[in-house]
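Sharing a structure here in structure tokens format.
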Amino acid sequence: MKGRLIIFSFFVLLCYSCHKEYSCESCRPVMPTGPPIPQNPPTPAISDLNCGSGSFSAVAIEATPYSGQYNISYSGGNGAAFKADTIRSTGVTGLLAILVAGTLANGNGSLTYQISGTPARAGNAIFLITIGGKTCTTTLQIDQPIVVLNGIIK
């Protein structure tokens with residue numbers, strides 16, 4: 001019984017002598033693992049986001065699966081990293097524009113959105129793009145499908 005009390009007392013003293021940031025193996029500091037966390041990374045910034053010069057790579061047709069890209073230019077990039085972004089279309093729903101993560105070039109550059117989905121109807125699919133502190137709107141026209149009736153094209 002006395003031996004157990006001595007062993008118990010030893011472990012209680014050992015635990016109280018070590019702090020949380022130390023392991024109880026000779027009370028050495030525990031070294032963090034993994035890459036260091038960057039302190040205050042720069043925020044992505046641009047001076048101009050030019051939706052007017054943007055272009056879609058393919059024509060969209062109502063109720064038909066769409067796969068294309070939208071390229072847009074910017075100026076005044078500061079070389080900071082930006083996060084991935086997904087934009088749902090408004091107006092005509094059913095499309096997603098996805099911009100993967102990357103870095104804004106110092107000076108001028110371009111961004112590519114991958115657009116996919118099935119437009120619900122004919123009309124205009126509208127995407128509100130916000131990146132690097134600037135916002136603009138772009139519109140993808142959704143056409144009606146071509147209907148052929150007895151050799152007549154409508």
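Just so you know, these numbers come straight off a predicted model, no measurement behind them.
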**Request:** Measure across G54 and Y70 and return the closest heavy-atom pair with its distance rounded to 0.1 Å.
**Result:** CA-OH, 3.3 Å

**Message:** How long is the straight-line distance from CG of N108 back to CG of D48, given to the nearest 0.5 Å?
**Reply:**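 Atom-to-atom, D48:CG and N108:CG are 9.0 Å apart.
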
**Item:** Euclidean distance, L96 CG relative to F127 CZ, rounded to 0.5 Å
**Value:**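 Taking CZ in F127 and CG in L96, the distance rounds to 8.0 Å.
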
**Request:** Check for a donor-acceptor pair, side chain of Q114 on one end and backbone N or O of G68 on the other, with a separation under 3.5 Å.
**Result:**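 Yes, the answer is positive, given that a donor and an acceptor are paired below the 3.5 Å cut-off.
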
**Request:** Would you list the pairs meeting disulfide bond (SG atoms under 2.5 Å apart) in which at least one residue belongs to residues 120-149, sequence neighbours left out?
**Result:**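 Listed once each, the pairs are C51-C136.
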
**Request:** Taking the side chain as every heavy atom from C-beta outward, state whether I131 and Y74 have any atom pair closer than 4.5 Å.
**Result:** no

**Item:** Shortest non-hydrogen contact between I87 and L128, atoms and distance
**Value:** CD1-O, 3.5 Å

**Q69 side, atom CD; I98 side, atom CD1 - distance, nearest 0.5 Å** = 12.0 Å

**Prompt:** Minimum heavy-atom separation for A80 to P42, with atom names?
**Reply:**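 That closest heavy-atom pairing would be CB-O, 3.6 Å.
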
**Item:** Approximate separation, where rounding is to 0.5 Å, of K134 NZ and I129 CD1
**Value:**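 Output value for this atom pair is 15.0 Å.
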
**Item:** Candidates V59, L95, N124 - the one meeting side chain to side chain contact (heavy atoms under 4.5 Å, CB included) with I142
**Value:**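 Result: among V59, L95, N124, L95 is the only option passing the side chain to side chain contact (heavy atoms under 4.5 Å, CB included) with I142.
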
**Asked** Can you tell me how far CD1 of I46 sits from OG of S73, rounded to the nearest 0.5 angstrom?
**Response** 9.0 Å

**Fill in**
Between A122 and Q144 the two heavy atoms that sit nearest each other are CB-CG, 3.5 Å

**Item:** Taking every non-hydrogen atom, the tightest pair across L140 and A60
**Value:**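 Heavy atoms only, the tightest pair is CD2-CB, 3.9 Å.
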
**Prompt:** Given side chains that start at C-beta, do those of E62 and P119 come closer than 4.5 Å, heavy atoms only?
**Reply:**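 No, their side chains stay 4.5 Å or more apart.
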
**Asked** Side chain of N71, backbone of S55: donor and acceptor closer than 3.5 Å?
**Response** no

**Message:** Taking the side chain as everything from C-beta on, heavy atoms only, tell me whether T43 gets closer than 4.5 Å to N78.
**Reply:**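 With C-beta onward as the side chain, the pair stays apart.
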
**Request:** Report yes or no: do L49 and F56 belong to one cluster of Ile/Leu/Val/Met/Phe/Trp/Tyr joined by side chain heavy-atom distances under 4.5 Å?
**Result:**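 Hydrophobic grouping puts L49 with F56.
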
**Prompt:** Under 4.5 Å between side-chain heavy atoms, hopping through other hydrophobics if needed: is there a path connecting L99 to I126?
**Reply:**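 The answer is no; the residues belong to distinct hydrophobic clusters.
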
**Message:** Ignoring hydrogens, what is the shortest heavy-atom contact between A58 and S67? Give both atom names and the distance.
**Reply:** CB-O, 4.1 Å

**Message:** Measuring from atom CD1 of I61 to atom OG1 of T118, what distance do you get when rounded to the nearest 0.5 angstrom?
**Reply:**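 Here the rounded value is 12.0 Å.
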
